[in-house]
Number of protein chains: 4
Amino acid sequence: MPKRGMEPIRQLQFIEATVEIIHEEGLHGTTLSRVAKRAGTSPGLVAHYFGDKAGLLHATFRHLAKALGTEFRDHLARVKGPHQRLRAVIDANFAESQSSPAVVSAWLAFWGQVNHRPELARVQRVVTNRLKSNLLFSLRELVPAEDADQIASGLAVMIDGLWLRAMLRTGGLNVAEARGMARDYLEMQLRTREPETLDA
Amino acid sequence: MPKRGMEPIRQLQFIEATVEIIHEEGLHGTTLSRVAKRAGTSPGLVAHYFGDKAGLLHATFRHLAKALGTEFRDHLARVKGPHQRLRAVIDANFAESQSSPAVVSAWLAFWGQVNHRPELARVQRVVTNRLKSNLLFSLRELVPAEDADQIASGLAVMIDGLWLRAMLRTGGLNVAEARGMARDYLEMQLRTREPETLDA
Amino acid sequence: MPKRGMEPIRQLQFIEATVEIIHEEGLHGTTLSRVAKRAGTSPGLVAHYFGDKAGLLHATFRHLAKALGTEFRDHLARVKGPHQRLRAVIDANFAESQSSPAVVSAWLAFWGQVNHRPELARVQRVVTNRLKSNLLFSLRELVPAEDADQIASGLAVMIDGLWLRAMLRTGGLNVAEARGMARDYLEMQLRTREPETLDA
Amino acid sequence: MPKRGMEPIRQLQFIEATVEIIHEEGLHGTTLSRVAKRAGTSPGLVAHYFGDKAGLLHATFRHLAKALGTEFRDHLARVKGPHQRLRAVIDANFAESQSSPAVVSAWLAFWGQVNHRPELARVQRVVTNRLKSNLLFSLRELVPAEDADQIASGLAVMIDGLWLRAMLRTGGLNVAEARGMARDYLEMQLRTREPETLDA
DNA sequence: TATGAATGAGGATTCATTCAT
DNA sequence: AATGAATGAATCCTCATTCAT
């Protein structure tokens with residue numbers, strides 16, 4: 001039943017199906033026929049939209065990265081001033097769209113591939129840099145450049161660690177707690193470095 | 001060319017080969033024949049020593065976890081007092097044996113499996129708990145119980161994040177820097193919470 | 001070279017190939033690649049149509065059982081009265097379609113599996129019951145119920161024994177002789193139990 | 001722990017283990033390591049005693065055939081006269097040693113191989129001929145040669161059919177009933193052909 | 001005589017991919 | 001645009017067999 005203008009709809013169907021299957025079966029169990037079945041289509045159609053399996057995974061990873069970027073933009077659009085912006089960046093990282101178990105599983109699965117697939121490494125680099133520059137932009141308004149760099153690095157590491165914990169589910173950590181820890185880290189750092197400022 | 005008493009030698013050969021191949025080819029490219037070839041034996045021998053592929057991976061993961069545990073013990077054996085012990089725990093996590101690219105790749109690959117393989121989840125839980133209790137033991141001598149808990153959690157998360165960064169190689173982080181960041185985090189926390197103590 | 005609507009054609013090709021290979025190589029030598037080659041396709045296609053090897057064997061056994069059932073129906077459709085019907089049942093069991101060496105080999109091979117594969121046991125039970133009830137239906141018109149039961153059992157056993165002999169080819173028995181012996185057995189039994197009837 | 005004079009003990013251990021494993025796992029599941037384990041030894045030892053797997057199976061089949069022959073001899077040794085001898089032959093075929101489920105499974109498994117392994121065909125031919133000549137010897141004292149031949153053939157077929165039924169377990173037949181049916185068949189045949197004789 | 005280490009061929013099965021429809 | 005038939009390579013695993021001890 002071919003229809004016109006299906007391209008964006010189909011692509012999204014496939015990508016969402018891929019994320020779900022990765023979560024349920026692991027990356028190793030993520031086969032094209034399972035994904036196709038979940039997407040309600042046939043396996044052969046993947047070639048039409050993504051070329052091959054690698055193309056599908058690449059598109060899925062980019063989709064996740066883009067969704068995270070959208071969260072950044074949305075959270076930042078609502079606030080003003082460096083302190084609120086920093087908090088917005090943290091919140092964006094633990095937003096609902098990024099915290100569903102399936103999405104989190106997919107991120108972890110992709111991380112395992114980053115060192116073996118250049119196209120995924122590129123995506124990851126963009127994600128890492130975007131977070132860092134978002135943090136730096138606000139931090140530089142509050143502390144000296146060198147301190148800003150240190151805090152940004154530390155906070156980025158903290159956020160990654162919190163994601164990892166959430167994924168491995170061995171730390172008994174939920175999203176709210178994770179967000180809280182990231183905020184505490186930031187506040188502690190700022191308190192140490194800008195003692196004279198009256199904070200919001 | 002069968003010889004007696006090969007069991008421990010062969011097992012170690014297989015495990016080391018597995019770590020190397022995971023690093024070079026990714027978990028997906030880690031086939032029994034590649035591992036066997038690297039170990040200098042035939043693929044059929046895996047069954048003899050590990051039952052099947054899952055058994056080999058399980059044994060490899062346990063081996064990594066055990067090696068990390070050995071680092072803890074060794075580092076802790078050389079020092080005295082809570083401050084030195086905390087530093088020893090951090091150093092153990094970034095010891096050489098745990099920082100080779102191959103080992104680090106293997107850890108990441110296994111993390112991607114933890115949610116889909118109960119036997120790996122068990123290993124990971126042991127690793128997580130061991131780190132936490134090692135940190136807590138020393139922290140409780142320095143700060144109130146509640147604070148100790150918070151610091152231990154934060155430091156554990158930080159260490160995981162640093163590992164992840166080191167693995168993804170997108171943060172431009174080396175081992176020495178990672179260790180430095182973990183130490184900084186710890187010191188900052190202690191400074192905040194035990195202001196009256198004269199620290200070493 | 002994929003074509004639409006191949007399902008029934010392919011399935012029959014596979015089943016016939018399976019029977020031939022069982023005859024030529026034994027059940028142990030019946031590998032999927034040999035069957036696929038004989039059927040003119042690739043081994044992977046078995047999964048598409050039968051799931052796995054067990055599915056193929058099950059389907060083959062059911063096919064044999066069904067073919068035997070068809071012989072019953074055809075032979076019975078042409079005759080009238082209990083005597084003719086009983087003879088028809090015997091003839092059906094030794095009809096050409098059931099007597100080719102390949103078919104006979106396949107039956108024996110399956111019998112060897114019946115006690116280890118429940119799905120095959122079910123098929124065999126159907127075959128056994130069908131023969132018995134076919135015999136009973138006619139016999140009850142000729143002799144008392146109890147006698148009918150005994151004769152049906154005895155004749156069914158005789159038929160099985162004759163098949164086995166034909167298969168093992170150690171008795172120097174051909175199909176015509178086998179059929180003759182089954183008929184003799186039946187007639188002797190009837191003569192003993194219904195002396196007053198004038199037989200056809 | 002090598003010992004002297006183990007040969008006959010070991011061989012019997014292996015053969016009995018083989019029969020058991022065939023019963024439990026089917027001929028297809030009868031691997032040398034399973035047999036060896038059951039026999040309490042190591043797989044490599046099979047080569048020492050039987051050359052290879054085919055040798056083990058051949059020896060096992062010969063063992064079964066020999067055991068059946070022993071039953072004949074024992075049952076025949078105790079009786080006198082053609083009628084008693086015929087009954088003894090029947091009883092031998094359904095003696096306990098031949099009726100255990102394991103033994104019966106093994107016979108069926110071997111029958112499935114007879115057409116693909118000349119050395120097994122030879123054994124089967126001996127078994128078939130021995131039964132026939134045993135029956136003929138006694139029958140010829142009771143009825144004309146031609147009748148004797150017919151009855152012997154029929155009875156042999158009947159016995160095979162009864163065995164098969166017992167194996168397939170789809171006829172709901174136990175050993176006692178089977179023996180009864182064979183006796184009935186014989187008596188009916190004799191009654192028909194030697195009406196003037198007063199039977200024992 | 002006995003073990004169990006080691007091999008390597010062979011089998012079932014899975015799966016990405018291609019292609020006729 | 002979409003299907004699903006078909007392929008064949010690749011993988012895991014089993015197992016008979018050989019061999020050093």
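All values below come from the heavy atoms of this structure, side chains included, with hydrogens, waters and symmetry mates left out. By convention in this document, chain letters (A, B, ...) are assigned in the order of the sequence lines, proteins followed by strands, and residues within each chain are numbered from 1.
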L120(B) and Q124(B), any side-chain heavy atoms less than 4.5 Å apart: no

Whole-Å gap separating P (dG4(F)) and CD (E7(C)): 11 Å

Stretch residues 23-47 of chain D: residues that reach within less than 4.0 Å of DNA chain E through a heavy atom: T41(D), S42(D), G44(D), L45(D)

Flag side-chain contact, heavy atom, 4.5 Å: V103(A) against S100(A): yes

Spacing of S33(C) atom OG and I21(C) atom CD1 [to the nearest 0.5 Å]: 9.5 Å

5'-most by nearest nucleotide on DNA chain F - D52(B) or R4(B): D52(B)

Strand-adjacent residues in residues 106-113 of chain C, judged by heavy atoms under 4.0 Å from DNA chain E: none

Value in whole Å for how far the P atom of dA12(E) lies from CG of L56(C): 10 Å

Within residues 13-21 of chain B: residues closer than 4.0 Å to DNA chain E (heavy atoms): none

Residue pair R122(C) / E119(C), side-chain heavy-atom distance below 4.5 Å: yes

Would you mind writing out the side-chain donor-acceptor pairs for residues 60-67 of chain B within the sub-3.5 Å range, not counting sequence neighbours?
{"from": "T60(B)", "atom 1": "OG1", "to": "L56(B)", "atom 2": "O", "distance (Å)": "2.7"}

OP1 or OP2 of dA16(E) under 4.0 Å from side-chain N/O of K53(A): yes

Qualifying residue, where the test is side-chain contact (heavy atoms from CB on, under 4.5 Å) with V35(D) and the options are V46(D), T41(D), T30(D): T30(D)

H58(D) NE2 to F50(D) CZ distance, which is reported to the nearest 0.5 Å: 12.0 Å

Within-4.5 Å side-chain heavy-atom neighbours: L108(A) and L168(A): yes

Side chains of F110(D) and V123(D) in contact at under 4.5 Å (non-hydrogen atoms): no

Step-by-step side chain to side chain contact (heavy atoms under 4.5 Å, CB included) determination, Q13(A) to I9(A): CA-CA 6 Å; Q13(A) 282 176 329; I9(A) 298 167; 4.2 Å; yes

pair M167(A)-W111(A): side-chain heavy atoms closer than 4.5 Å: yes

Residue list, salt bridge (charged side-chain N to carboxylate O under 4.0 Å, His left out) with R38(B), at least two apart or on another chain: E20(B), E24(B)

5' priority, DNA chain E, between M6(B) and H48(D) [closest heavy atom]: H48(D)

Under the 3.5 Å Watson-Crick or G-U criterion, the dot-bracket string of DNA chain F, with | for inter-strand pairs: .||||||||||||||||||||

Heavy-atom donor-acceptor pair, H116(B) side chain to L27(A) backbone, under 3.5 Å: no

Touch class at under 4.0 angstrom, heavy-atom based, for Y49(C) against every strand present: sugar-phosphate

Rounded distance in Å - CG (L57(B)) to P (dT11(F)): 15 Å

